[in-house]
Protein chains: 2
Amino acid sequence: MEAMEHSLGLTESKNFTYEGEISLTSKKILKNINICYETYGQLNKNGDNAILICHALTADAHAAGYHSPNDKKPGWWDAMIGPGKAFDTNKYFVISSNVLGGCKGTTGPSSINPDTNMPFGLDFPVITIEDMVQVQKKLVDFLNVKKLIVVGGSMGGMQAMEWTISYPDMVKSTIIIASTARLSAQAIAFNAVARNAIISDKYFNNGNYYNKDFAPDYGLAIARMVGHITYLCEEAMHSKFGRDFKDGPSFDFGVDFQVESYLEYQGRIFVDRFDANSYLYITKAVDYYDPATKYGSLDVAFKKTNSRFLIISFDSDWLFTPEQSKELVCALIKAGKEVSAIELSSPCGHDAFLIENENQTKIIKSFLKKDEDAK
Amino acid sequence: MEAMEHSLGLTESKNFTYEGEISLTSKKILKNINICYETYGQLNKNGDNAILICHALTADAHAAGYHSPNDKKPGWWDAMIGPGKAFDTNKYFVISSNVLGGCKGTTGPSSINPDTNMPFGLDFPVITIEDMVQVQKKLVDFLNVKKLIVVGGSMGGMQAMEWTISYPDMVKSTIIIASTARLSAQAIAFNAVARNAIISDKYFNNGNYYNKDFAPDYGLAIARMVGHITYLCEEAMHSKFGRDFKDGPSFDFGVDFQVESYLEYQGRIFVDRFDANSYLYITKAVDYYDPATKYGSLDVAFKKTNSRFLIISFDSDWLFTPEQSKELVCALIKAGKEVSAIELSSPCGHDAFLIENENQTKIIKSFLKKDEDAK
């Protein structure tokens, strides 16, 4: 348990139920929404030292620390959150919550539909990034946070930017990592393949598989394989796996190459921790996100916010590219905002935002110091 | 039928059965192999004016002309094959055949297994590019061809280069377009996803679906969708589809974006013309191809051939990249071969080899002229 010494130690997930109704982008209504969240550090009297961590496609509220002394791994962003770390819990009150539509405690398609007492399945309304942020706002209000810093990588970056659009007066600083203000056609195409794999799985059963013997695991595993191809750049795949065989050519259709073995493994372990319907809902939310179209142009979308921005991209990220980060930076500058931007060199592709902790820590600490100095 | 005036007019597929046995790379034996082929133009007395066209992943023997006056489309490379065209049938005897393992007339997994009188299915042996070429050689011998020019794009380029390795004295000139001497880890990964989609389809039934009500169409369509993402570059997808909706956001899991509609359409029409088992076998052959590893290095692989080479690549091709063509060119130069190489600019990605006909025609004519002048 040596690693725990450098972390927050034991942390726990809590639940908050927003008992009112929320009107979604789709015009549908959701009520009694449960939000699974964790907090690290203490909120100050003014309620203005909060950092909200927004997670990517498949993560959860458990961002830092260990849930039990026997846990082999800490929360998914433990390297960045804790005493003295990039998001320093000695100074900040850090909040992390599972997104709406997820399957890690927050209301989503696997939750019980109060109208039927059965899991929602595809009766769950299609949600958007704006809806996710709206739900996070209810949590933040419940926690008495008045001003906050919002942070996110990948889809988390979309939520972070949406916070500054939806709640322009509440966000002091925004950190957007390996993200984009809208998916490319190619990224939508990959998500479409993933959803098709899930929906055509023999056990999908139109989303009603929760009380059955089998879930659409094959489809979900294929979706995850597609995802992992896009998370690693070609060079990273080449240096990790090359054309190495697992055990030489099989002359059958089992796993031959190391890269196949890696993808199969990623697919297999994913189905144990994620819900196929949630994958449909969350990828759709990501596909839809497009504030530039919604507001006419991206700079107009950001016009009202008083937030400062830090935009980090990675040169080998071909899913959410440095060019897409540049578009975002240009729009923010056009909107008259204070923007720091950096393109980091990394061989890790899109995954870099979960790996390049040392460089990110330096940059983020320096960006946050300006907030701290202003006090 | 105006288009026919500029083409070969009516053409037809023929069949040749090689009645002997062929020993495959896997050490398995195939016998009585049928080869579906077409020929255009006339073979000269010396049998040395032949051009063998090798097709890519999913094409067939019908490369040029029309099979019936009512055909809406000619053969798949009609723009390049015919009187006065790049492969000029006034001068050359052009041969095109369906590959071993295919589903367009040449023996493959959907063919009848003479031992069981049932379709082979997965009892068909796993084949390699070398095996495909070995079978083409039987056809070429049957047609009394003594010397030939071999041409291919994409997987066809692999066959073309293998011809110069397997039959070094027989090939005069080789034209390799948008190809590579070995797939990248990323390209293998995409093929692995495609095969997983087919194999996990509810109607795959371990490859025994030929006499059933349903075939693994969902899986094959997903495989094709993945393929099409890799055939178009990101920029081409962006300019073709951008983020345009088909009919605005549906807030369900049907087709929302034009790019989804395109991929779904490509998947849907593909299942009507292709066999899922053949897709497994042919992608596996492509994955395995790697003469550099087989011979220790790529230049050693090409050492024995007397062929000249023309290598064409496209700047926007991210599946079989210009860098991979450069590796090939370097190996050929190291092996002391005569090589012409050009990287063409095209917005069409990997698909460019089927689209950029005008530029390719100029380059190929000029390359072939040297053969003609030498006579």
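The chains referred to below are lettered A, B, ... by the order of the sequence lines, with proteins before strands, and numbering in each begins at 1. Reckoned from all heavy atoms, side chains included, excluding hydrogens, waters and symmetry mates. Only a predicted model underlies this, so the values are computations on that prediction, with no experimental measurement involved.
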Most heavy-atom pairs under 4.5 angstrom with chain B, which of A:P249, A:A236, A:A197? A:P249

Under 4.5 Å to a heavy atom of chain B? For A:L280 that would be both

Output the donor-acceptor atom pairs between chain A and chain B under 3.5 Å, with atom names and distances to 0.1 Å.
from	atom 1	to	atom 2	distance (Å)
A:L183	O	B:R243	NH1	3.0
A:R195	NH2	B:E260	OE2	3.0
A:N196	ND2	B:E264	OE2	3.2
A:R243	NE	B:D290	OD2	3.0
A:R243	NH1	B:L183	O	3.0
A:R243	NH1	B:D287	O	3.3
A:R243	NH2	B:D287	O	2.7
A:R243	NH2	B:Y289	O	3.4
A:S250	N	B:Y288	OH	3.2
A:F251	N	B:Y288	OH	3.0
A:D256	OD1	B:Y288	OH	3.3
A:D256	OD2	B:K284	NZ	2.5
A:D256	OD2	B:Y288	OH	2.5
A:E260	OE2	B:R195	NH2	3.0
A:E264	OE2	B:N196	ND2	3.2
A:K284	NZ	B:D256	OD2	2.5
A:D287	O	B:R243	NH1	3.2
A:D287	O	B:R243	NH2	2.7
A:Y288	OH	B:S250	N	3.2
A:Y288	OH	B:F251	N	3.0
A:Y288	OH	B:D256	OD1	3.3
A:Y288	OH	B:D256	OD2	2.6
A:Y289	O	B:R243	NH2	3.4
A:D290	OD2	B:R243	NE	3.0

If I measure from the heavy atoms of chain B, does A:V259 come under 4.5 Å with its side chain, its backbone, both, or neither? side chain

Out of B:G219, B:G267, B:G242, return the one with the most heavy atom pairs under 4.5 angstrom to chain A. B:G242

Per-residue tally against chain A (heavy atom, under 4.5 Å) across B:I188, B:L183, B:V193, B:L232 peaks at B:I188

Given a strict heavy-atom distance threshold of 4.5 Å, which part of B:I127 is in contact with chain A: side chain, backbone, both, or neither? neither

Residue A:I199 versus chain B: region with a heavy atom under 4.5 Å: side chain

Find the one option among B:F190, B:F245, B:F251 whose heavy-atom pairs under 4.5 Å with chain A are most numerous. B:F251

Examine whether an atom of A:F257 lies under 4.5 Å from a heavy atom of chain B, and if so say whether it belongs to the side chain, the backbone or both; otherwise answer neither. side chain

Over all heavy atoms of both residues, which pair between A:A189 and B:L263 is shortest? Give the atoms and the distance, please. CB-CD1, 3.5 Å

Tell me which of these, B:P125, B:A185, B:A192, has more heavy-atom pairs under 4.5 Å with chain A than the rest. B:A185

